[in-house]
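The next block holds one structure in the form of structure tokens; read it before the comments.
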Amino acid sequence: MNKKMHIDTHCVLEYDGKNFSQPHILPIYATSSFVMESFEHGEAVFTGQKQGQVYGRYGNPTVDEVAAKIAALESHGMEKQAFGLMTSSGMSAISTLLQSLLQKGDAILTQEDLYGGTTELFKSVFPAMGIRTFFTDLKDISALEVLIKNNPDIKVLYFETPSNPTCSCLDIKALAEFSKKNGLASIVDNTFCTPVIQQPLQLGVDFVIHSTTKYLNGHGNSIAGIIVGIDEARKPAIWKTLKLMGGTCNPFDAWLVHIGMKTLGLRMEKHSSNAMSLATYLENHAKVSKVNYVGLKSHESFETASSQMRLPGGMLSFEVDGGYEAAKKCINSLSLAKYAPTLGDVNTLVLHPRTSSHLNVDPAISEKNGITQGLIRVSVGIEATDDILSDFENALNSI
Ligand SMILES: *Cc1c(COP(=O)(O)O)cnc(C)c1O
């Protein structure tokens with residue numbers, strides 16, 4: 001330190017980074033910008049000749065490390081290494097990626113049972129930008145071929161598997177092939193599975209997005225998202241959109257995802273085995289008329305799920321006899337499982353779709369898709385199996 005400077009200046013001075021060893025755990029870089037070593041270094045970094053951070057919205061070491069880690073997980077076992085860009089939320093990942101891929105006049109092809117926020121984005125925000133969306137059944141590929149022939153403005157295929165909350169699955173490989181054949185960019189929202197369970201890039205998909213808010217963080221204490229792509233050549237355009245639309249992820253939220261991911265493998269195993277136990281229990285319960293879980297042979301998507309998922313995952317839904325009143329009683333009688341509108345948490349969480357996520361969906365369409373008044377969604381946690389089962393046993397006895 002320069003002893004000649006005033007005490008007020010000393011208050012403002014920054015550390016020089018020369019006094020400590022490499023930290024064991026990724027640090028949180030809470031800084032909005034980065035110091036250039038010299039004029040020349042600044043010029044080289046700004047012109048892209050040298051790697052380096054410039055300004056927090058353009059990139060941050062904590063955020064970039066976590067993005068690279070998730071990208072490595074999504075492309076694990078592949079020859080090519082995927083790239084990743086973290087965003088301020090899952091919705092930001094979706095809107096940033098699509099804004100970068102699409103122009104006015106282009107259209108999106110997707111399924112009817114998408115995540116509610118995504119449906120609303122496509123229906124009520126994108127049209128004003130001149131981007132249309134076709135919502136249809138993505139299981140019928142021959143019908144998709146006809147739709148594509150009649151609508152050459154479709155440029156992107158966007159889908160989720162398993163779907164929320166009925167866990168209906170789509171054949172990723174077949175849809176990736178269909179996209180390639182028709183020159184569409186394909187995107188999968190892999191939030192429900194995580195790369196530990198399902199790797200859409202390996203099956204030929206171009207992009208994966210996540211709400212890292214859910215399983216990747218796993219502890220319900222961070223909101224963030226990520227865009228992962230397999231073709232590095234597409235990164236600069238997406239990065240530019242992210243940088244200029246400003247949906248940047250902050251380093252603290254990224255760091256929480258980083259810490260959460262250390263136990264991702266363990267968590268997904270336990271979520272899956274607990275969900276399998278609960279689904280089996282519910283399937284044999286007299287007051288339950290239906291259980292939607294991809295681990296059950298009775299589920300319509302059992303075959304598709306088994307062919308592309310390593311584990312059945314932690315999401316299920318079930319229908320209690322007695323509709324709205326019975327679902328209300330059941331949810332109010334649970335004590336370990338909490339009613340919270342999120343998923344992928346270590347704690348068991350429940351949701352009543354018809355009075356929450358599907359409130360704005362036409363009731364007739366919900367009924368048709370199996371989202372009845374008696375349907376309860378469960379994000380099965382990693383608590384001891386017996387405690388989860390007795391919680392649901394007590395709750396079902398109250399009906
Ligand atoms: C939660 C969720 C999103 C949106 O993510 P946010 O982090 O809340 O913006 C998108 N897709 C799926 C499947 C989700 O569960």
Side-chain angles (χ1 to χ4, degrees), residues 63 66-67 70 74 84-99 108 110-126 133 135 138 156 158-170 172 187-195 197-198 200 205 207-228 242 245-250 252-254 256-257 260-261 268 271 275 292 294 309 313-317 340-345 349-351 353 356-361 369 371 377-381:
V63 177
V66 184
I70 301 171
E74 284 292 353
L85 290 165
M86 281 196 86
T87 55
S88 58
S89 65
M91 288 313 301
S92 169
I94 299 164
S95 60
T96 302
L97 177 58
L98 287 167
Q99 277 175 320
I108 302 163
T110 193
Q111 74 216 65
E112 279 163 344
D113 49 357
L114 269 188
Y115 173 73
T118 315
T119 305
E120 207 178 335
L121 172 74
F122 292 177
K123 279 195 174 156
S124 67
V125 177
F126 280 2
T133 303
F135 294 90
L138 297 184
V156 161
Y158 182 97
F159 63 104
E160 283 169 22
T161 175
S163 70
N164 176 32
T166 54
C167 305
S168 179
C169 294
L170 292 166
I172 301 176
I187 308 171
V188 169
D189 180 339
N190 205 25
T191 301
F192 271 34
C193 286
T194 83
I197 289 187
Q198 176 173 280
V205 163
F207 299 99
V208 164
I209 69 92
H210 278 277
S211 166
T212 66
T213 311
K214 316 292 167 53
Y215 284 107
L216 291 177
N217 166 260
H219 297 75
N221 55 14
S222 156
I223 294 245
I226 190 165
I227 300 163
V228 179
L242 174 61
M245 297 304 287
T248 317
C249 179
N250 75 79
F252 182 56
D253 279 289
L256 288 166
V257 174
M261 279 195 298
M268 296 322 287
H271 282 301
N292 300 306
V294 296
M309 292 167 69
M315 298 304 298
L316 63 84
S317 61
T342 187
L343 61 99
D345 208 276
L349 304 172
V350 294
L351 184 82
S356 59
S357 55
H358 289 67
L359 199 58
N360 298 322
V361 179
N369 293 331
I371 303 151
R377 185 186 82 177
V378 191
S379 169
V380 185

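Every number for a ligand or one of its atoms is a count from 1 in the order of the listing. What's counted below: heavy atoms across the whole structure, side chains too, no hydrogens, waters or symmetry copies.
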Could you tell me if the side chain of [Y] sits less than 4.5 Å from the side chain of [X], heavy atoms only?
X: Phe192; Y: Glu160; result: no
X: Phe159; Y: Pro200; result: no
X: Val66; Y: Ile226; result: no

Parallel, tilted or perpendicular, as decided by the 30° and 60° cut-offs, for the rings of Phe122 and Phe135: tilted
For atom CD of Glu112, decide whether the heavy atoms of other residues, nucleotides or ligands shown that lie under 6.0 angstrom number more than 12. yes
What does the contact table look like for ligand 1 (nitrogen or oxygen on each side, cut-off under 3.5 Å)?
residue  : atom   : partner : partner atom : Å
ligand 1 : 5 (O)  : Ser211  : OG           : 3.0
ligand 1 : 7 (O)  : Gly90   : N            : 2.9
ligand 1 : 7 (O)  : Ser211  : OG           : 2.8
ligand 1 : 7 (O)  : Thr213  : OG1          : 2.8
ligand 1 : 9 (O)  : Gly90   : N            : 3.0
ligand 1 : 9 (O)  : Met91   : N            : 2.9
ligand 1 : 11 (N) : Asp189  : OD2          : 2.6
ligand 1 : 15 (O) : Lys214  : NZ           : 2.7

With no hydrogens and no angle check, just 3.5 Å: does a side-chain donor-acceptor pair link Ser168 and Thr166? no
